[in-house]
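Since the structure comes first, as structure tokens, the remarks are kept for the end.
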Amino acid sequence: MSKMKELEQVAEFMATTAKETLMQNAEWAIDGTSLEELEGDDYYDALEELVSKTIEILYKQNETTTG
């Protein structure tokens, strides 16, 4: 297996694991906010949006540090 293919597989695993962790952290982070009052699809959509926004911020921070 080529190194690039192996790198891609490891990165995919890390992305899946990171997303699961971010979802768990999002549930913890909204505790005590008005977002925790949401129910059903609205609650899940808020968590997804929070995770997406977090990833966007991380990406921008990475762009800033890597040039």
Side-chain angles (χ1 to χ4, degrees):
M1 176 184 313
S2 73
K3 297 237 185 270
M4 290 307 293
K5 180 71 173 170
E6 189 172 13
L7 182 67
E8 182 73 23
Q9 287 179 340
V10 171
E12 286 177 17
F13 171 77
M14 288 180 62
T16 299
T17 303
K19 179 136 189 216
E20 291 169 1
T21 301
L22 284 170
M23 285 296 282
Q24 291 169 353
N25 287 343
E27 288 182 312
W28 171 80
I30 67 169
D31 187 41
T33 71
S34 63
L35 296 174
E36 83 173 327
E37 297 171 12
L38 298 173
E39 296 179 0
D41 287 345
D42 291 335
Y43 179 80
Y44 184 77
D45 290 346
L47 290 178
E48 284 285 328
E49 183 62 29
L50 180 55
V51 167
S52 292
K53 189 67 175 171
T54 301
I55 292 169
E56 179 183 328
I57 291 167
L58 286 169
Y59 179 78
K60 287 178 182 176
Q61 289 175 348
N62 187 56
E63 278 187 323
T64 302
T65 60
T66 60

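What you see is a predicted model; the values in this text were computed from it and never measured.
A distance of 10.0 Å separates CD in Glu12 from CG in Leu7, rounded to the nearest 0.5 Å. Taking OG1 from Thr21 and CE from Met14, the interatomic distance works out to 10.5 Å, rounded to the nearest 0.5 Å. Distance CG/Asn62 to CD1/Ile57: 13.5 Å, rounded to 0.5 Å. Separation of atoms CG (Asp42) and CG (Leu35) is listed at 11.0 Å; rounding is to 0.5 Å. For the atom pair Glu36 CD and Leu38 CG, the distance stands at 9.5 Å (nearest 0.5 Å).
In summary, Glu6 and Lys3 do not engage in a salt bridge, as defined by a charged side-chain N under 4.0 Å from a carboxylate O.
Using a 4.5 Å cut-off between side-chain heavy atoms of Ile, Leu, Val, Met, Phe, Trp and Tyr, with links allowed through other members, Val51 and Leu58 fall into different hydrophobic clusters.
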Quiz item: Does the side-chain contact (heavy atoms from CB on, under 4.5 Å) test come out yes or no for Asp31 and Glu27, once each step is laid out?
Solution: CA-CA 7 Å; Asp31 187 41; Glu27 288 182 312; over 6 Å; no
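For the pair Lys53 and Glu56, the minimum side-chain heavy-atom distance is below 4.5 Å.
The side chain to side chain contact (heavy atoms under 4.5 Å, CB included) test applied to Glu49 returns no partner, not counting sequence neighbours.
Pairing each heavy atom of Thr54 with each of Leu22, the nearest pair is CG2-CD2, 4.0 Å.
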